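A quick write-up on the structure given underneath.
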Amino acid sequence: MKKIVFASAIAISMIACKETPQAKEFKTAYIDTMKLMEDYKEAKDLQEKFNTKGEVKGRELEVEARKLKAEMDAFQQNAMAKGQAWAQQKGAELQQRQQQLQYAQQAIGQQLQMEGGKERDSIVKQVREFIKTYGKEKGYDYIYGTGDAATVLYAKDAYDITKEVTKLLNDKYEAKAKPEEKKEEVKK
C-alpha cells in the first residue's frame with residue numbers, strides 16, 4: 001500500500017511539474033531620461049525659446065536699471081547742493097523705483113518659470129506616452145528610466161534604448177514641425 005501511495009505521489013508531482021508554466025523571459029530596457037531630454041529637439045527648442053524670452057525681458061529691465069543708476073549717480077552729485085529735504089525726498093523716490101525694478105525682475109522670472117514649467121510638463125507627458133506606445137509595439141515588459149529620478153541602479157548597456165527612442169521622438173517632432181514651417185512660408 002505504501003508503495004502505491006508513493007508511486008502515485010511521484011506520478012502526480014511529475015505531471016504537475018510538466019503543467020507548471022516555465023518562467024517567462026522578460027524583455028527589458030532602460031532610457032537615460034536626462035540624456036533623452038538633453039538630445040530631444042523639442043525640449044531643446046523649448047529651452048531656447050524661454051532663454052530668448054528671458055533675454056528680451058532682461059534687456060527691457062536692463063534699460064530701466066541703467067536709467068535708475070544714472071539718476072542715482074546724479075542724485076549723489078546733487079544731494080549736497082540741493083539740500084537735505086530734497087535729498088531725502090529724492091532718495092526715497094529712487095529707493096522705491098529700485099524696489100519696483102526688483103519686483104518686476106522677480107515677476108518676470110516667475111512668469112517665465114510658470115510658462116516654461118507648463119510646457120515642459122506637456123513635453124514630459126508626450127514623451128511618457130510615446131515610450132508607453134513604443135514599449136507595447138516593441139514587446140517590452142519593462143522600460144526603466146535613469147537620470148534625476150533613477151529607478152535603475154544597474155543595467156547592462158545592451159538594454160539602453162535611449163538613442164533609439166530619442167531618434168524616433170526627434171523624427172516625429174521634425175515631421176510635425178515641417179508642415180508648420182510650410183504654413184509660415186506661405187503666409188510670407
Side-chain angles (χ1 to χ4, degrees), residues 1-58 106-187:
M1 181 78 167
K2 287 183 180 179
K3 289 182 181 180
I4 294 174
V5 172
F6 184 68
S8 297
I10 291 176
I12 291 172
S13 66
M14 288 176 61
I15 291 170
C17 287
K18 287 183 181 178
E19 292 178 10
T20 305
Q22 297 296 322
K24 180 183 175 190
E25 291 274 333
F26 289 106
K27 185 174 180 183
T28 63
Y30 74 92
I31 296 173
D32 183 339
T33 55
M34 294 280 294
K35 181 91 171 110
L36 174 71
M37 294 310 276
E38 286 173 7
D39 294 344
Y40 183 29
K41 290 180 184 173
E42 187 173 5
K44 285 181 183 178
D45 289 350
L46 177 68
Q47 184 65 40
E48 189 175 310
K49 171 185 165 183
F50 279 95
N51 286 347
T52 302
K53 238 181 178 180
E55 288 172 7
V56 168
K57 297 281 187 182
Q106 289 173 349
I108 288 171
Q110 288 173 347
Q111 178 188 5
L112 289 174
Q113 195 172 27
M114 283 178 46
E115 288 176 17
K118 287 178 184 176
E119 291 194 39
R120 275 188 294 280
D121 289 348
S122 174
I123 287 176
V124 168
K125 185 177 180 183
Q126 289 173 358
V127 168
R128 283 185 181 154
E129 287 297 317
F130 181 86
I131 291 170
K132 184 177 180 179
T133 303
Y134 175 85
K136 287 179 182 177
E137 289 174 358
K138 298 292 183 175
Y140 284 100
D141 294 298
Y142 298 98
I143 296 178
Y144 301 99
T146 64
D148 275 344
T151 55
V152 175
L153 298 176
Y154 169 77
K156 290 182 180 177
D157 288 341
Y159 296 125
D160 185 357
I161 59 172
T162 307
K163 287 181 183 175
E164 182 179 352
V165 171
T166 303
K167 182 187 180 320
L168 291 171
L169 277 167
N170 284 334
D171 291 347
K172 182 179 176 183
Y173 173 65
E174 288 174 351
K176 184 173 72 174
K178 286 182 182 176
E180 291 174 9
E181 289 173 3
K182 289 179 183 177
K183 287 179 187 175
E184 288 180 17
E185 289 177 11
V186 171
K187 288 180 183 177

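The figures that follow rest on heavy atoms only: side chains count, while hydrogens, waters and symmetry mates do not. Residue numbers start at 1 and run along the sequence shown. For clarity, every value in this text was computed on a predicted model and none was experimentally measured.
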(request) Please determine, by modelled atom types, if Glu115 and Gln111 share a side-chain donor-acceptor pair under 3.5 angstrom. (result) yes

(message) Can you see whether Glu55 engages Asn51 through a side-chain donor-acceptor pair at a distance of less than 3.5 angstrom?
(response) no

(request) Output, in order, the C-alpha distance, side-chain angles, deciding distance and verdict of side chain to side chain contact (heavy atoms under 4.5 Å, CB included) for Tyr40 and Val165. (result) CA-CA 9 Å; Tyr40 183 29; Val165 171; over 6 Å; no

To the nearest 0.5 Å, how far apart are [atom1] in [X] and [atom2] in [Y]?
X: Thr146; Y: Ile31; atom1: OG1; atom2: CD1; result: 9.0 Å
X: Leu46; Y: Lys44; atom1: CG; atom2: NZ; result: 13.5 Å
X: Leu112; Y: Phe50; atom1: CG; atom2: CZ; result: 6.5 Å
X: Gln47; Y: Ile123; atom1: CD; atom2: CD1; result: 10.0 Å
X: Met34; Y: Thr162; atom1: CE; atom2: OG1; result: 12.0 Å

(message) Less than 4.0 angstrom from a charged side-chain N to a carboxylate O is my criterion; do Asp121 and Lys125 meet it?
(response) no

(message) Salt bridge check, Glu119 against Lys49: does any charged N sit closer than 4.0 Å to a carboxylate O?
(response) yes

(request) Could you name each residue pair satisfying salt bridge (Lys or Arg N to Asp or Glu O under 4.0 Å) that touches residues 27-37, not counting sequence neighbours? (result) Lys35-Asp39

(request) Please examine the side chains of Lys132 and Glu137, heavy atoms only from C-beta on, and report whether any two atoms are closer than 4.5 Å. (result) no

(message) Taking the side chain as everything from C-beta on, heavy atoms only, tell me whether Phe26 gets closer than 4.5 Å to Tyr140.
(response) no

(request) Starting from the C-alpha separation in whole Å, work towards a yes-or-no answer on side chain to side chain contact (heavy atoms under 4.5 Å, CB included) for Leu169 and Glu42. (result) CA-CA 9 Å; Leu169 277 167; Glu42 187 173 5; over 6 Å; no

(request) Could you pull out the closest heavy-atom pair between Ile108 and Lys57, with the gap in Å? (result) CG2-CB, 3.6 Å

(request) For residues Met37 and Val124, report the shortest heavy-atom separation together with the two atoms involved. (result) CE-CG2, 4.2 Å

(message) Apply side chain to side chain contact (heavy atoms under 4.5 Å, CB included) to residues Tyr144 and Tyr159 and explain how you reach the verdict.
(response) CA-CA 10 Å; Tyr144 301 99; Tyr159 296 125; over 6 Å; no

(request) Go through the steps for Lys118 and Gln113 under the test side chain to side chain contact (heavy atoms under 4.5 Å, CB included), then give the verdict. (result) CA-CA 9 Å; Lys118 287 178 184 176; Gln113 195 172 27; over 6 Å; no

(message) Within the supplied structure, the quantity of interest is the number of heavy atoms (other residues, nucleotides, ligands) at a distance under 6.0 Å from Glu174 CD; does it exceed 12?
(response) yes

(message) Determine whether a donor-acceptor pair (N or O, by modelled atom type, separation under 3.5 Å) exists between the side chain of Thr133 and the backbone of Glu129.
(response) yes

(request) Test Ile131 against every option in Leu168, Ile143, Ile161, Thr33 by the side-chain contact (heavy atoms from CB on, under 4.5 Å) rule and name the one that passes. (result) Ile143

